[in-house]
Enquirer: 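Dropping the structure in here first, questions after.
Only this structure's heavy atoms are used, side chains among them; waters, hydrogens and symmetry mates stay out. Counting starts at 1 for both ligands and their atoms, following the listed order. These numbers were taken from a predicted model, which means no experiment stands behind them.
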Amino acid sequence: MSRGDMAKPLLGHGSTEGDPGVTPASGRTIGVLGSGDFARSLAIRLVCSGFKVVVGSRNPKRKASLFPSAAEVTFQAEAVKKTDIIFVAVFREHYSTLCDLADVLAGKILVDVSNNTEINHHKESNAEYLASLFPACTVVKGFNVVSAWTLQSGARDGNKQVLICSNNQEAKRTVAEIAQVMGFTPVDMGCMSSACEIENIPLRLLPAWKIPIFLALGLFLCFFTYNLIRQVIHPFIREQKNKLYKIPIEVVNTTLPCVSYVMLSLVYLPGVLAACSQLYYGTKYRRFPDWLDQWLQHRKQIGLLSFFCAALHAVYSLCLPMRRSHRYLLIETAVKQAVEKKMNIWVEEEVWRMEIYISVGIIALGLLSLLAITSLPSIANSLNWREFSFIQSSLGFIALVVSTLHTLTYGWSRAFDENQYKFYLPPTYTLTLLVPCTVIIAKVVFSLPCIRHRLLRIRRGWEKGRYVKFVLPSATGEYSSGETSSNV
Ligand code: NAP
């Protein structure tokens with residue numbers, strides 16, 4: 001939020017009456033200590049939600065104009081006297097300056113909204129520290145995961161969840177009710193010992209993406225080095241040709257589809273491994289090893305990164321003819337052919353191969369886009385389980401098969417051309433085929449009636465060596481797919 005924005009009141013100075021978006025007043029008075037960004041946004045949201053708000057500031061005269069007129073801005077001690085629930089919108093470093101208020105605060109609920117600047121910055125959480133300073137108060141941790149901006153944007157936008165914890169159930173329920181009236185979804189995180197975890201949440205940088213991003217970077221680095229050796233270092237050593245110009249576009253563009261293709265197969269490989277484990281042990285109740293569990297949980301992010309690389313590959317490919325090097329090589333080839341008086345350069349097989357290769361690539365990218373779009377929570381929530389599973393599982397597998405066709409049409413003939421083996425290294429695309437083809441073959445094997453039947457029984461609770469009266473899925477294939485095992 002810019003300074004200019006913060007300087008002007010965020011809500012008109014009129015009352016909220018008559019505004020159709022305003023929740024009916026609950027009548028409860030809520031106190032806010034502090035008059036900073038968070039305190040102001042909180043006060044506005046509370047007023048809009050129908051609460052009476054009293055703000056406690058060290059300098060009420062100066063700060064009053066920044067708050068809606070419906071909120072009363074007064075001295076800290078005055079504000080605290082008027083309410084039983086007080087949001088402490090002050091940084092942890094300044095908690096001790098509130099100790100003078102200990103007597104008036106006694107017996108009241110303090111909501112600690114504070115965050116730290118580093119994960120596990122202090123030995124004890126801010127909320128526990130506040131509770132230690134005010135033992136006669138009941139402290140509830142909450143609202144720290146929503147920003148001042150989210151508070152202002154109302155129920156229309158922003159994060160809706162408010163994580164709450166406290167050792168006092170009654171106080172926790174009261175704060176949860178306030179959150180609900182304000183249009184948030186309170187999430188009970190248990191007792192005060194969870195405060196540290198709640199305070200760390202806003203500081204975590206894409207926790208679910210760490211492993212997939214490292215995986216993508218690792219694959220990129222491996223394939224990039226491999227392509228660099230084949231496309232730049234090999235011609236330099238063997239023919240003393242300088243091909244460094246290939247690094248920014250050609251080498252990157254050969255690397256991106258490899259990463260995308262292998263990442264896509266890595267979305268389906270853990271499912272195959274999980275199925276193998278279930279078939280081997282004859283049960284779905286045996287826990288998967290931790291690494292497989294982690295892998296299964298990161299499939300969405302791996303798939304999205306696969307789509308990202310595929311999209312970049314498409315853009316890079318479209319830009320290939322724009323390069324100067326491409327034009328020079330094209331003219332050079334044309335001149336050579338003119339000198340050699342070659343009139344017919346049309347190679348029917350090459351033409352067809354290229355047409356099919358591009359067409360299949362476009363289809364693969366289209367399918368990947370569909371997978372990416374349906375993995376967005378807002379879209380995924382509008383699908384029932386069967387629709388989601390059909391798109392993510394069946395269409396995803398089709399995307400893998402189509403990508404394999406794309407790869408094969410590109411370089412099938414190259415695999416048998418010994419000139420393509422630079423330093424005895426096979427063409428990159430042949431390497432990339434390894435994991436996806438394993439997944440495809442495994443999926444085909446699992447679809448064989450005898451294996452599929454056994455897998456379905458296991459996923460519906462049947463266990464090897466234990467007699468269970470079992471009803472097979474009907475001919476229409478109607479079986480509930482909500483079980484944990486179906487997720488693989
Ligand atoms: P801020 O703009 O700097 O406001 C802090 C307020 O604390 C001041 O306006 C001041 O109000 C009050 N205060 C009381 N005693 C103080 C003292 N001794 N020294 C300095 N200030 C004192 O900070 P903020 O962004 O509103 O954040 C307030 C709390 O909310 C922090 O704990 C922060 O971690 C938490 N939080 C903020 C956000 C956000 O988006 N900003 C999001 C989540 C959580 P008076 O001068 O009127 O007394």
Enquirer: Can you tell me if Thr150 and Ser147 form a side-chain donor-acceptor pair at under 3.5 Å?
Expert: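 Present: a donor and an acceptor within the cut-off.
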
Enquirer: For the residue pair Phe87 and Phe143, categorise the inter-ring angle as parallel (less than 30°), tilted (30 to 60°) or perpendicular (more than 60°).
Expert: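 It falls in the perpendicular class, over 60°.
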
Enquirer: Is there a donor-acceptor contact under 3.5 Å linking the side chains of Lys172 and Ser166?
Expert: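 Side-chain D/A pair, Lys172 to Ser166: absent.
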
Enquirer: Classify the side-chain pair Gln392/Ser375 by whether it contains a donor and acceptor separated by less than 3.5 Å.
Expert: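 There is no such pair (donor and acceptor under 3.5 Å, judged by atom type) between the side chains of Gln392 and Ser375.
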
Enquirer: Could you check whether any side-chain N or O of Thr174 sits under 3.5 Å from a backbone N or O of Glu170, counting only pairs where one atom can act as donor and the other as acceptor?
Expert: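 Between the backbone of Glu170 and the side chain of Thr174 there is a qualifying donor-acceptor contact (under 3.5 Å).
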
Enquirer: May I have the step-by-step check of salt bridge (charged side-chain N to carboxylate O under 4.0 Å, His left out) for Glu72 and Lys82, ending in yes or no?
Expert: CA-CA 11 Å; Glu72 182 188 345; Lys82 294 187 176 177; 2.5 Å; yes

Enquirer: Pairwise, report which nitrogen or oxygen atoms of ligand 1 are under 3.5 angstrom from protein nitrogen or oxygen atoms, and how far apart they are.
Expert:
| from | atom 1 | to | atom 2 | distance (Å) |
| --- | --- | --- | --- | --- |
| ligand 1 | 2 (O) | Asp37 | N | 3.1 |
| ligand 1 | 9 (O) | Gly36 | N | 3.1 |
| ligand 1 | 11 (O) | Ser35 | N | 3.1 |
| ligand 1 | 11 (O) | Ser35 | OG | 3.3 |
| ligand 1 | 19 (N) | Arg58 | NH1 | 3.4 |
| ligand 1 | 19 (N) | His94 | ND1 | 3.4 |
| ligand 1 | 19 (N) | His94 | NE2 | 3.4 |
| ligand 1 | 21 (N) | Arg58 | NH2 | 3.3 |
| ligand 1 | 26 (O) | Asp37 | N | 3.2 |
| ligand 1 | 26 (O) | Phe38 | N | 2.8 |
| ligand 1 | 32 (O) | Val90 | O | 3.0 |
| ligand 1 | 34 (O) | Asn115 | N | 2.8 |
| ligand 1 | 40 (O) | Ala148 | N | 2.9 |
| ligand 1 | 46 (O) | Arg58 | NE | 3.4 |
| ligand 1 | 46 (O) | Arg58 | NH2 | 2.9 |
| ligand 1 | 46 (O) | Lys63 | NZ | 3.1 |
| ligand 1 | 47 (O) | Ser35 | OG | 2.4 |
| ligand 1 | 47 (O) | Ser57 | OG | 2.4 |
| ligand 1 | 48 (O) | Arg58 | N | 3.1 |
| ligand 1 | 48 (O) | Arg58 | NE | 2.9 |

